[in-house]
Amino acid sequence: MKATFQKFFVSNLLSDIPLEEAMVEASDNVMITNGNGVICGIGHTMLENLGAEPEDILGYRVDDLVARGYYDRSVIRECITLRKKVNGLLQDRHGHYLFSTANPVFGEDGRIRFVVTNTRGGDVLDQFIQERRESQKKYEGIAGYLRNRTKHCSVVAASPEMCRVLSICKRIADSDGTVLLTGESGTGKEICATYIYENSRRAGDAFLPINCSAIPSELVEAELFGYEKGAFTGADSKGRMGMLEVADHGTVFLDEIGELPLHVQPKLLRFLETGEIKRVGGSRLSYSDVRVIAATNRDLRQLVAQHKFREDLFYRLNVLPVHIPPLRNRREDILPLASFFLQQFNRKYERSLRLSPQFQEKLLAYHWPGNIRELRNLIERTVITAPKPGEPDQSPGPERSQEALGSEEEHILPLREVVRDFERTYIQRAIQTCGGNMTQAARLLGVHRTQLYRKLAEKEF
């Protein structure tokens with residue numbers, strides 16, 4: 001033991017710490033702190049690796065070492081905070097990667113007496129990296145797909161309300177703040193999430209949508225955070241990465257967040273605050289750099305009042321709130337959306353249908369309780385069931401939405417011309433309704449008067 005002490009520097013702060021006990025698992029690359037994170041002892045080899053003298057280290061807090069650039073993180077601080085053994089990969093001031101293990105020692109009063117930390121490189125680090133690579137290898141396909149996938153988000157917005165929403169989304173896109181999208185089912189929350197992602201600096205990395213309501217409650221934690229081998233009956237024999245780990249450096253879209261089981265909510269809160277991931281059945285902590293966008297069609301404040309959703313998690317999610325109005329409150333979007341979907345499904349089903357004026361009026365008059373999703377489904381159904389030229393219409397009466405569509409013709413007008421013609425008619429109707437008062441007509445249409453004059457010039461009235 002004498003030889004070991006000659007290579008181990010201690011401070012007078014160790015007076016109440018039994019050094020022999022602390023040195024049981026110690027190697028030369030060892031550091032000992034008290035329960036407050038103050039460094040009381042350090043090994044000779046660690047000092048050499050740091051390029052420091054004992055007086056540069058002893059008596060300082062571990063947070064000071066990070067602040068002074070000796071390390072990029074402190075597993076000791078994490079150990080004290082979590083009150084348990086912590087393994088972690090860190091980088092020293094010379095750019096070398098090290099594997100560090102911090103072990104807390106508790107007193108009879110339940111407080112941490114001291115923390116013994118061993119820091120290692122070489123074979124131990126290579127083994128850790130190899131294990132990490134093997135764990136990730138089985139997900140290389142999905143991870144590569146998620147990184148390289150382009151969503152090609154097509155946002156159709158003509159109403160002032162939706163243009164305002166997109167303006168907010170564009171403004172917050174390049175931050176890392178958590179976003180909470182709210183609105184009725186079918187209003188386009190995933191489209192807005194994708195729009196935020198595509199305008200962010202993470203656009204080149206993964207975008208992973210997860211529907212919280214589609215995963216059985218007993219499997220949600222394992223899906224999000226992963227699990228170790230043998231964690232539960234039926235688990236993969238080699239363990240599995242969670243979705244939050246797969247999407248490292250990317251963006252995760254947690255749809256239907258209001259359906260997240262209560263028992264998983266504290267763990268998600270911890271992840272949002274620290275980036276920490278602990279797999280089900282495991283003890284090792286890892287970290288993932290993920291930007292979270294959540295969405296719900298439920299009133300989370302009401303769920304909090306009913307004790308069905310954690311209040312602290314609600315506030316942590318509600319950093320950047322964005323509310324998406326229902327389609328009935330932004331009727332200027334109805335026809336552009338219908339035209340967009342019609343173009344899509346014409347191409348998909350090799351049709352050449354166009355919107356008739358009668359059908360356009362019906363679309364504008366409808367209440368749309370199912371919002372954009374209902375509109376999209378209606379257009380697809382109409383394209384599929386519409387009779388081809390020369391075929392009799394055999395569709396059932398209640399579903400004869402296709403009769404409002406114009407028939408297929410040899411020469412189809414370009415979509416922009418159809419939209420322009422309808423807009424001209426709609427503006428004329430608004431001006432007539434207001435008795436020629438342009439200010440009132442602009443207010444009725446939801447545009448500025450100068451914008452209305454510009455549209456009049458464009459439409460060649």
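In this chain, numbering begins with 1 at the start of the sequence shown.
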Which value, rounded to the nearest 0.5 Å, describes the distance between [X] atom [atom1] and [Y] atom [atom2]?
X      : Y      : atom1 : atom2 : answer
Ile42  : Ile57  : CD1   : CD1   : 5.0 Å
Asn36  : Arg61  : CG    : CZ    : 5.5 Å
His323 : Glu161 : NE2   : CD    : 11.0 Å

Main chain of [Y], side chain of [X]: is a donor-acceptor contact present, judged purely on distance under 3.5 Å?
X      : Y      : value
Asn371 : Ser185 : yes
Asn199 : Lys170 : no
Arg202 : Tyr197 : no
Ser159 : Asp333 : no
Arg351 : Ala386 : yes
Asp248 : Asp289 : yes
Arg77  : Val62  : no
Asp109 : Arg111 : yes
Arg83  : Phe106 : no
Arg291 : Ala173 : yes

Restricting to non-hydrogen atoms, name the atom on [X] and the atom on [Y] that form the minimum distance, rounded to 0.1 Å.
X      : Y      : value
Val252 : Leu244 : CG2-CD2, 4.0 Å
Leu327 : Ile372 : CD2-N, 4.2 Å
Ala193 : Ile293 : O-CD1, 3.7 Å
Cys169 : Ile196 : CB-CG1, 3.7 Å
Cys192 : Ile324 : SG-CD1, 3.5 Å
Asn34  : Ile80  : O-CD1, 4.2 Å

Got a sec: does the [atom1] of [X] have more than 12 other heavy atoms crowding it under 6.0 Å?
X      : atom1 : result
Lys84  : NZ    : yes
Lys308 : NZ    : no
Arg201 : CZ    : yes

TODO: Apply side-chain contact (heavy atoms from CB on, under 4.5 Å) to His263 and Val220, showing your working.
DONE: CA-CA 10 Å; His263 73 273; Val220 172; 5.7 Å; no
With side chains defined as the heavy atoms from C-beta onward, is the minimum distance between [X] and [Y] less than 4.5 Å?
X      : Y      : answer
Thr119 : Met46  : yes
Leu303 : Thr296 : no
Val319 : Arg316 : yes
Phe225 : Phe271 : yes
Glu276 : Leu82  : yes
Tyr366 : Glu374 : yes
Gln265 : Phe309 : yes
Leu50  : Tyr71  : yes

Open item on the list: Does Phe341 form a side-chain contact (heavy atoms from CB on, under 4.5 Å) with Glu380? I'd like the steps, not just the answer.
Closed with: CA-CA 8 Å; Phe341 293 140; Glu380 182 174 19; over 6 Å; no
Open item on the list: Under the criterion side-chain contact (heavy atoms from CB on, under 4.5 Å), I'd like the reasoning laid out for Leu375 against Leu363: C-alpha separation, chi angles, the key distance, then a yes or no.
Closed with: CA-CA 9 Å; Leu375 174 60; Leu363 293 177; 4.1 Å; yes
Open item on the list: Would you say Glu221 and Tyr227 are linked by a side-chain donor-acceptor pair, where the criterion is simply a distance under 3.5 Å?
Closed with: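 No, because no side-chain N or O of Tyr227 sits under 3.5 Å from a partner of the opposite role on Glu221.
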Open item on the list: Going by salt bridge (Lys or Arg N to Asp or Glu O under 4.0 Å), Arg298 matches just one of Glu256, Glu184, Glu259. Which one?
Closed with: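 The passing option is Glu259.
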TODO: Before giving the answer on side-chain contact (heavy atoms from CB on, under 4.5 Å), spell out for Ile379 and Phe359 the whole-Å C-alpha distance, their side-chain angles and the decisive distance to 0.1 Å.
DONE: CA-CA 11 Å; Ile379 298 298; Phe359 191 35; 4.1 Å; yes
- [ ] Taking the six-membered ring of Tyr60 (Phe, Tyr or Trp), confirm whether the NZ or CZ of Arg68 is under 6.0 Å from its centre and within 45° of its axis.
- [x]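 Yes, Arg68 lies over the aromatic ring of Tyr60.
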